[in-house]
Amino acid sequence: MLFEDDETLRLYIEESRDNLATIENDLLEIEAVGADIDEERINNVFRAAHSIKGGAGFMGLSNIKELSHKLEGVLGMIRNREIVPTQETTSTLLKAFDTLREMINDVENSADLDIRDHVTALIR
(Lines give C-alpha, C1' and ligand atoms only; values in the text may rest on other atoms or scores of the structure.)
Protein backbone atom coordinates (compact mmCIF):
# COMPACT_ATOMS: atom_id res chain seq x y z
CA MET A 1 0.00 0.00 0.00
CA LEU A 2 1.24 3.46 -0.82
CA PHE A 3 0.79 5.92 2.02
CA GLU A 4 -0.16 8.73 -0.34
CA ASP A 5 -3.34 6.83 -1.24
CA ASP A 6 -4.49 6.48 2.34
CA GLU A 7 -6.83 9.33 3.28
CA THR A 8 -6.65 8.50 6.98
CA LEU A 9 -2.87 8.75 6.95
CA ARG A 10 -3.01 12.00 4.99
CA LEU A 11 -5.33 13.49 7.61
CA TYR A 12 -3.07 12.23 10.41
CA ILE A 13 -0.04 13.89 8.81
CA GLU A 14 -1.93 17.15 8.33
CA GLU A 15 -3.17 17.17 11.93
CA SER A 16 0.29 16.29 13.24
CA ARG A 17 1.86 19.13 11.28
CA ASP A 18 -0.71 21.51 12.75
CA ASN A 19 0.08 20.22 16.25
CA LEU A 20 3.80 20.70 15.70
CA ALA A 21 3.47 24.22 14.28
CA THR A 22 3.60 26.06 17.61
CA ILE A 23 5.65 23.64 19.69
CA GLU A 24 8.94 25.57 19.55
CA ASN A 25 7.48 28.85 20.79
CA ASP A 26 5.46 27.08 23.47
CA LEU A 27 8.50 25.19 24.78
CA LEU A 28 10.60 28.34 24.89
CA GLU A 29 7.85 30.09 26.86
CA ILE A 30 7.58 27.12 29.21
CA GLU A 31 11.33 27.28 29.81
CA ALA A 32 11.19 31.05 30.37
CA VAL A 33 8.74 30.76 33.27
CA GLY A 34 10.51 27.78 34.84
CA ALA A 35 8.74 26.55 37.97
CA ASP A 36 5.90 29.04 37.44
CA ILE A 37 4.22 26.61 35.02
CA ASP A 38 1.73 27.99 32.49
CA GLU A 39 -0.70 25.08 32.71
CA GLU A 40 -2.57 25.94 29.53
CA ARG A 41 0.64 26.11 27.50
CA ILE A 42 2.10 22.85 28.86
CA ASN A 43 -1.26 21.14 28.37
CA ASN A 44 -1.29 22.27 24.72
CA VAL A 45 2.16 20.81 24.10
CA PHE A 46 1.27 17.63 26.01
CA ARG A 47 -1.94 17.20 23.98
CA ALA A 48 -0.01 17.66 20.74
CA ALA A 49 2.42 14.88 21.69
CA HIS A 50 -0.45 12.70 22.92
CA SER A 51 -2.43 13.17 19.70
CA ILE A 52 0.58 12.37 17.55
CA LYS A 53 1.29 9.27 19.65
CA GLY A 54 -2.28 8.01 19.44
CA GLY A 55 -2.50 8.44 15.69
CA ALA A 56 0.89 6.82 15.20
CA GLY A 57 -0.25 3.81 17.19
CA PHE A 58 -3.40 3.52 15.11
CA MET A 59 -1.42 3.85 11.88
CA GLY A 60 1.29 1.39 12.92
CA LEU A 61 4.03 4.03 12.90
CA SER A 62 6.06 2.57 15.76
CA ASN A 63 9.03 4.97 15.67
CA ILE A 64 6.75 8.01 15.73
CA LYS A 65 4.70 6.42 18.49
CA GLU A 66 7.76 5.64 20.62
CA LEU A 67 9.33 9.08 20.31
CA SER A 68 6.07 10.93 20.94
CA HIS A 69 5.41 8.66 23.94
CA LYS A 70 8.77 9.60 25.46
CA LEU A 71 8.09 13.29 24.77
CA GLU A 72 4.70 12.94 26.40
CA GLY A 73 6.34 11.41 29.47
CA VAL A 74 8.71 14.35 30.00
CA LEU A 75 5.93 16.85 29.33
CA GLY A 76 3.76 15.03 31.87
CA MET A 77 6.52 15.36 34.45
CA ILE A 78 6.72 19.10 33.78
CA ARG A 79 2.94 19.40 33.93
CA ASN A 80 2.85 17.52 37.24
CA ARG A 81 5.67 19.70 38.56
CA GLU A 82 7.96 16.71 39.02
CA ILE A 83 10.68 18.53 37.09
CA VAL A 84 11.32 22.19 36.33
CA PRO A 85 11.95 22.92 32.65
CA THR A 86 15.56 24.01 32.24
CA GLN A 87 17.46 25.06 29.14
CA GLU A 88 18.82 21.51 28.87
CA THR A 89 15.34 19.98 29.17
CA THR A 90 13.95 22.35 26.58
CA SER A 91 16.83 21.70 24.21
CA THR A 92 16.27 17.94 24.51
CA LEU A 93 12.55 18.36 23.86
CA LEU A 94 13.11 20.67 20.88
CA LYS A 95 15.58 18.27 19.26
CA ALA A 96 13.20 15.36 19.73
CA PHE A 97 10.28 17.37 18.34
CA ASP A 98 12.44 18.33 15.32
CA THR A 99 13.05 14.64 14.66
CA LEU A 100 9.36 13.92 15.16
CA ARG A 101 8.57 16.62 12.59
CA GLU A 102 11.10 15.06 10.21
CA MET A 103 9.41 11.67 10.59
CA ILE A 104 5.95 13.16 10.05
CA ASN A 105 7.17 14.90 6.91
CA ASP A 106 8.61 11.62 5.58
CA VAL A 107 6.29 9.11 7.17
CA GLU A 108 7.10 6.38 4.62
CA ASN A 109 10.71 6.29 5.88
CA SER A 110 10.00 7.11 9.54
CA ALA A 111 10.76 3.56 10.68
CA ASP A 112 14.28 3.87 9.27
CA LEU A 113 15.25 6.87 11.38
CA ASP A 114 17.39 6.08 14.42
CA ILE A 115 15.72 7.68 17.46
CA ARG A 116 17.78 5.93 20.16
CA ASP A 117 19.72 9.05 21.15
CA HIS A 118 16.50 11.01 21.60
CA VAL A 119 14.85 8.22 23.57
CA THR A 120 17.89 7.95 25.84
CA ALA A 121 18.03 11.71 26.39
CA LEU A 122 14.31 11.89 27.18
CA ILE A 123 14.53 9.03 29.64
CA ARG A 124 17.36 10.82 31.48
[X], [Y]: one ILVMFWY side-chain cluster at the under-4.5 Å cut-off?
X: Leu9; Y: Phe58; answer: yes
X: Leu93; Y: Met77; answer: yes
X: Leu28; Y: Val33; answer: no

- Ile83 and Val74: CA distance, side-chain angles, deciding distance, side-chain contact (heavy atoms from CB on, under 4.5 Å) verdict: CA-CA 8 Å; Ile83 60 173; Val74 174; 4.1 Å; yes

Are any non-hydrogen side-chain atoms of [X] and [Y] less than 4.5 angstrom apart?
X: Asn80; Y: Leu75; answer: no
X: Pro85; Y: Ile42; answer: no
X: Leu94; Y: Glu24; answer: yes
X: Asn105; Y: Glu102; answer: no
X: Phe46; Y: Glu72; answer: yes
X: Val45; Y: Ile78; answer: no
X: Arg17; Y: Glu14; answer: no
X: His118; Y: Lys95; answer: yes

Has the side chain of [X] got a donor or acceptor atom that lies under 3.5 Å from a matching backbone atom of [Y]?
X: Asp114; Y: Arg116; answer: yes
X: Ser110; Y: Val107; answer: yes
X: Asn109; Y: Asp112; answer: no
X: Ser68; Y: Lys65; answer: yes
X: Asn63; Y: Leu113; answer: yes
X: Ser91; Y: Gln87; answer: no

- Message: How close do Val84 and Ala35 get, counting heavy atoms only, and between which atoms?
- Response: CG1-N, 3.6 Å

Drop me the distance from [X]'s [atom1] to [Y]'s [atom2], to the nearest 0.5 angstrom.
X: Ile30; Y: Arg41; atom1: CD1; atom2: CZ; answer: 7.0 Å
X: Lys53; Y: Leu100; atom1: NZ; atom2: CG; answer: 12.5 Å
X: Leu67; Y: Ile104; atom1: CG; atom2: CD1; answer: 9.5 Å
X: Ile13; Y: Asp106; atom1: CD1; atom2: CG; answer: 9.5 Å
X: Leu61; Y: Glu66; atom1: CG; atom2: CD; answer: 13.0 Å
X: Glu15; Y: Leu11; atom1: CD; atom2: CG; answer: 8.5 Å

- Message: Can you confirm whether more than 12 heavy atoms, excluding those of Asp117, are under 6.0 Å from its CG atom?
- Response: no

- Query: For atom CD of Glu82, is the number of surrounding heavy atoms from other residues, nucleotides or ligands below 6.0 Å larger than 12?
  - Reply: yes

- Query: Under 4.0 Å between a Lys/Arg side-chain N and an Asp/Glu carboxylate O for Asp98 and Arg101?
  - Reply: yes

- Could you walk me through whether Ile64 and Tyr12 pass the side-chain contact (heavy atoms from CB on, under 4.5 Å) test, one step at a time? CA-CA 12 Å; Ile64 293 173; Tyr12 167 73; 3.4 Å; yes

- Message: Determine whether Leu20 and Ile52 satisfy the following criterion, side-chain contact (heavy atoms from CB on, under 4.5 Å), listing intermediate values before the conclusion.
- Response: CA-CA 9 Å; Leu20 291 168; Ile52 291 168; 3.8 Å; yes

- Message: Assess, by modelled atom type and distance only, whether the side chains of Thr89 and Glu31 contain a donor and an acceptor separated by less than 3.5 Å.
- Response: no

- Looking only at side chains, do Asn44 and Arg47 share a donor and an acceptor under 3.5 Å apart? yes

- Item | side-chain contact (heavy atoms from CB on, under 4.5 Å) between Glu88 and Arg124, worked out | CA-CA 11 Å; Glu88 181 182 358; Arg124 271 187 295 130; 4.0 Å; yes

